[in-house]
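Structure first, commentary second.
Protein chains get the first letters and strands the later ones, always in sequence-line order, with residue 1 at the start of each. Just so it is clear, the structure is predicted and the values come from calculations on it, not from any experiment. Both backbone and side-chain heavy atoms feed into the values below; hydrogens, waters and symmetry mates do not.
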Amino acid sequence: MQAMTNPTTTLLDGLNEKQLEAVTLPHQSALILAGAGSGKTRVLTTRIAWLIQTGQVSPHGILSVTFTNKAAKEMLTRLGAMLPINIRGMWAGTFHGLCNRLLRAHHREAELPPTFQILDTADQLSAIKRVMKAMNIDDEKFPPKQVLGYINSCKEEGLRAYAVDAYDSHSQRMREIFEEYDKQCQREGVVDFAELLLRCYELLSSNKSIREHYQQRFKYILVDEFQDTNRLQYLWLKLLAGTNNCIFAVGDDDQSIYAFRGARVGNMRDFEHDFNVQNVVKLEQNYRSHSNILDAANAIIMHNRNRLGKNLWTSAGKGEPIRIYEGYNDKDEAVFIVDEIKALHKEGIELSQIALLYRSNAQSRILEHELFSAGLPYRVYGGLRFFERAEVKHALAYLRLIANGDDDTALLRVINFPTRGIGARSLEQLQELARQQDSSLWQAACAKAGDGRPGRGLEGFVALVKQMQEESIGLTLAEQVELATRLSGLRDHYAADKEGEDRLANLDELVNAAIAFMNQDIGMPVDENGEVAMSMLAQFLAHASLEAGEHQADVGRDALQLMTVHAAKGLEFHTVFISGLEEGLFPHEQSSYESNGLEEERRLMYVAVTRARQRLYLSFAQSRMLHGQVRYGIPSRFLDEIPEALVKRLNTVSNKSYGSTSQYPAAAPAPAARPQASMPWKIGQAVAHSKFGQGVVVNYEGNANDLRVQVNFGREGLKWLALEYAKLEPL
DNA sequence: CTTGAGAGGTTTTTT
DNA sequence: ACCTCTCAAG
């Protein structure tokens with residue numbers, strides 16, 4: 001073999017020592033602690049390529065698991081560029097995508113109909129409301145959203161209703177709803193996201209031959225973002241790995257920011273123990289940021305107790321100092337950011353290389369307002385995705401009825417949309433009949449209306465769906481989608497609406513999505529008899545649920561990137577602005593009520609800081625509009641956690657009394673209207689208290705004899721203090 | 001069936 | 001402040 005042309009050598013070229021070690025580890029379970037910007041995806045893909053190229057395993061024997069479709073796609077693209085050979089035999093996808101695939105192939109053993117449909121969160125919520133209505137449960141005592149959270153977190157722990165502890169009447173009732181909901185889903189042939197995983201887990205654990213089949217197949221299992229796995233996902237991996245296969249787990253405990261949705265960082269420690277991990281490889285060299293930025297990130301995360309321990313370093317220089325700006329208020333902060341961006345853009349930095357990050361979505365409004373005034377193009381991430389739009393969901397509901405009439409959720413969505421005169425009363429009658437004959441609503445509707453009769457009302461609806469089902473036979477997927485959007489009357493309905501233009505365009509886009517779906521050659525899922533397990537339509541519907549599509553259309557244009565810190569994970573930018581660094585906002589107030597909440601907020605800050613390559617701006621405002629009220633905050637503790645030497649303060653407004661100079665027109669009830677003379681503190685005045693520390697006066701009440709002030713002490717919270725007793729010092 | 005007033009609730013998000 | 005949902009009137 002000549003070194004020059006040896007493909008393996010080329011593959012491993014340019015890896016640092018630690019990366020190389022990780023990529024070429026022997027057949028043993030391993031944990032790769034991959035810091036931000038340490039080349040994590042590269043290691044993961046190179047590992048796969050190396051395993052294949054050195055002949056240790058064929059693509060057929062590899063299972064690669066990610067959390068998002070985007071990550072799965074990127075991995076396959078990069079792998080395709082590395083390897084000249086076909087990797088079709090490899091299974092790569094999200095937990096949910098892979099479970100869907102397994103359940104389709106073994107739907108009989110999993111006791112699911114071949115065309116089972118997947119409920120997204122909105123569908124699931126409406127299904128829960130339906131169950132609760134049938135059970136006559138007060139939705140004030142049991143808010144459906146809470147029930148949804150309960151059911152999902154039970155399932156994510158791997159628990160069925162019968163296995164859940166319930167000692168008081170309230171939790172017993174919750175458990176009953178859970179049980180009834182699952183029964184209803186089974187009756188309708190639908191599964192929610194958590195169910196995909198749980199059902200798949202149960203299938204593998206109860207069916208020895210299926211389990212052993214996959215255990216023999218997947219010798220190498222690779223998992224990305226391991227710190228985000230929940231209990232059930234961990235158990236699922238453990239089951240698939242069996243005793244002989246090895247798991248290559250890549251993750252970063254410092255970037256675990258999804259505990260609120262069930263992620264257990266603890267899985268990393270459990271993994272080390274359960275899989276007898278001999279190899280923990282730390283990737284600590286960062287290729288993204290200058291050292292000032294990394295030092296700041298390291299300094300912040302050092303304040304966390306529960307860590308596996310890791311310190312990022314770079315061979316790049318110090319770079320620019322971290323810029324801190326203190327605004328009078330949120331508007332001032334936004335104006336500052338916009339001015340800086342204008343200057344940066346003039347210097348030649350592309351707008352798409354600049355990110356504005358914030359803790360919560362509500363903060364984007366004021367930024368958008370100022371950007372709009374300045375005429376700067378921007379793109380906001382978040383909000384509705386393509387397949388979540390109402391008109392698209394309506395069209396999909398008709399398609400779901402074509403595939404499976406028993407899908408009550410779909411039926412209820414469109415039985416009277418476009419309106420055809422089926423009101424609440426007829427619906428109630430229908431539901432009553434369905435209950436009596438223990439059938440789906442569609443069967444009840446057929447019993448009532450026979451073959452139906454074209455026109456309005458229930459008969460019209462039954463006739464319509466039957467017509468769709470008949471006419472769609474033999475059509476291509478795209479033709480079926482077109483048929484459904486047209487026959488349903490959705491097109492006419494939006495065409496008649498003068499604001500329906502966009503919606504009509506989205507229906508066309510749905511047809512295009514169907515064409516694209518047909519053209520991409522995905523292997524037909526095949527069941528155990530080698531027969532095609534599902535129609536193209538059913539596959540497309542599953543695709544629509546599992547991959548909700550892009551957040552917004554115009555991706556191409558050079559535009560600023562606005563997003564929450566969560567959404568920024570995994571991305572990098574030349575310049576990053578983190579705004580709203582105030583106690584209560586970031587770290588968020590709510591986090592202080594959760595155990596380890598503050599540590600998660602700090603990891604979030606760590607993620608935010610490590611997004612920046614060259615330049616990092618941190619900003620906060622002395623006051624901001626929140627929930628329709630002016631709020632006075634104090635600077636985030638995270639700012640204090642950054643060594644002064646790394647920082648350049650752009651202005652020094654702080655710590656003087658600024659209540660009166662505030663640009664806000666009369667914050668809180670206009671002080672002029674109240675006995676100003678007896679109020680020694682102005683609203684907005686920074687004060688110090690012997691016990692609570694630094695704070696800001698935010699409100700006051702009472703009269704001269706009995707005056708009380710409300711002070712925001714940030715981490716100590718909001719306190720009412722009686723002026724007579726409280727010892728406050730001006731700052 | 002459509003419309004508007006009023007109430008309630010606003011951390012983060014993928015599948 | 002603002003968005004979503006519900007319920008009663010038109």
Side-chain angles (χ1 to χ4, degrees), chain A residues 65-72 93-100 118-126 129 139-140 143-146 149 152 155-156 191-198 200 224-225 228-230 232-233 256-263 330 357-366 369 381-385 387-388 390 416-426 456 493 497 542-549 551 563-570 580 584-594 597-598 600-601 603-605 607-608 624-631:
Chain A
V65 195
T66 56
F67 271 86
T68 65
N69 293 296
K70 203 173 148 200
T94 62
F95 280 102
H96 295 86
L98 295 164
C99 287
N100 177 47
I118 302 162
L119 301 183
D120 68 16
T121 309
D123 294 335
Q124 187 187 10
L125 187 63
S126 72
K129 286 182 184 161
D139 56 8
E140 303 232 308
K145 281 205 180 119
Q146 247 175 50
N152 288 342
K155 288 188 179 184
E156 280 162 7
V191 295
D192 58 53
F193 287 132
E195 182 72 22
L196 276 174
L197 277 148
L198 182 54
C200 186
D224 193 12
E225 306 279 17
D228 289 338
T229 50
N230 62 35
L232 180 56
Q233 287 160 340
S256 160
I257 54 173
Y258 286 114
F260 71 91
R261 65 175 201 214
D330 44 0
L357 308 184
Y358 33 80
R359 177 65 180 80
S360 60
N361 285 305
Q363 288 166 254
S364 78
R365 181 172 306 280
I366 182 123
H369 181 82
Y381 289 73
L384 275 196
R385 318 261 223 95
F387 286 113
E388 292 166 351
N416 197 34
F417 192 92
T419 50
R420 46 177 71 86
I422 303 174
R425 208 175 15 255
S426 359
R456 292 174 61 79
H493 178 263
D497 185 345
H543 164 82
S545 300
L546 288 173
E547 195 168 345
H551 271 296
M563 64 192 88
T564 62
V565 179
H566 282 91
K569 189 171 161 216
L585 240 197
F586 198 2
H588 200 280
E589 198 160 32
Q590 297 284 342
S591 70
S592 59
Y593 307 130
E594 291 152 21
L598 180 64
E600 179 143 320
E601 292 291 308
R603 291 192 292 268
L604 203 47
M605 181 64 184
V607 168
R624 86 170 53 238
M625 213 55 166
L626 204 67
H627 306 323
Q629 279 186 321
V630 179
R631 255 182 75 130

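Residues forming a ring-ring contact (aromatic ring centres under 6.0 Å, His included) with A:Y358 (at least two apart in sequence, or on another chain): none. Taking A:L232 as the reference, A:L197, A:L198, A:Y201, A:N230 meet the side chain to side chain contact (heavy atoms under 4.5 Å, CB included) condition, with sequence neighbours excluded. Scored by the salt bridge (Lys or Arg N to Asp or Glu O under 4.0 Å) test, A:E195 finds A:K155, A:R160, A:R199 as partners (sequence neighbours excluded). By the salt bridge (Lys or Arg N to Asp or Glu O under 4.0 Å) test, A:E225 pairs with A:K40, A:K569, sequence neighbours left out. With sequence neighbours excluded, no residue satisfies side chain to side chain donor-acceptor pair (under 3.5 Å) with A:S545. In this structure, the ring-ring contact (aromatic ring centres under 6.0 Å, His included) partners of A:H566, at least two apart in sequence or on a different chain, are A:Y258, A:F260. For A:E547, the salt bridge (Lys or Arg N to Asp or Glu O under 4.0 Å) criterion is met by A:K73, not counting sequence neighbours.
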Between protein and nucleotides 5-10 of chain B, what N or O pairs are separated by less than 3.5 Å?
none

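Aromatic stacking is not marked for A:H96 over B:dT15, as the cut-offs of 5.5 Å for the centres and 30° for the planes do not both hold.
Protein chain A touches strand DNA chain C; the 5'-most and 3'-most nucleotides with an atom under 4.0 angstrom of its non-hydrogen atoms are C:dA1 to C:dC3.
Residue A:F260 is in base contact, counting any heavy-atom pair closer than 4.0 Å across all strands shown. Residue contacts shown for A:Y258 are limited to sugar-phosphate atoms, with no base heavy atom under 4.0 Å away. Base contact: A:E594 has a heavy atom under 4.0 Å from a base atom.
Each of B:dT12, B:dT14, B:dT11 was ranked by its minimum atom distance to the side chain of A:Q590; first place goes to B:dT11.
A salt bridge links A:E601 with A:R359: the closest approach of a Lys/Arg side-chain nitrogen to an acidic carboxylate oxygen falls below 4.0 angstrom.
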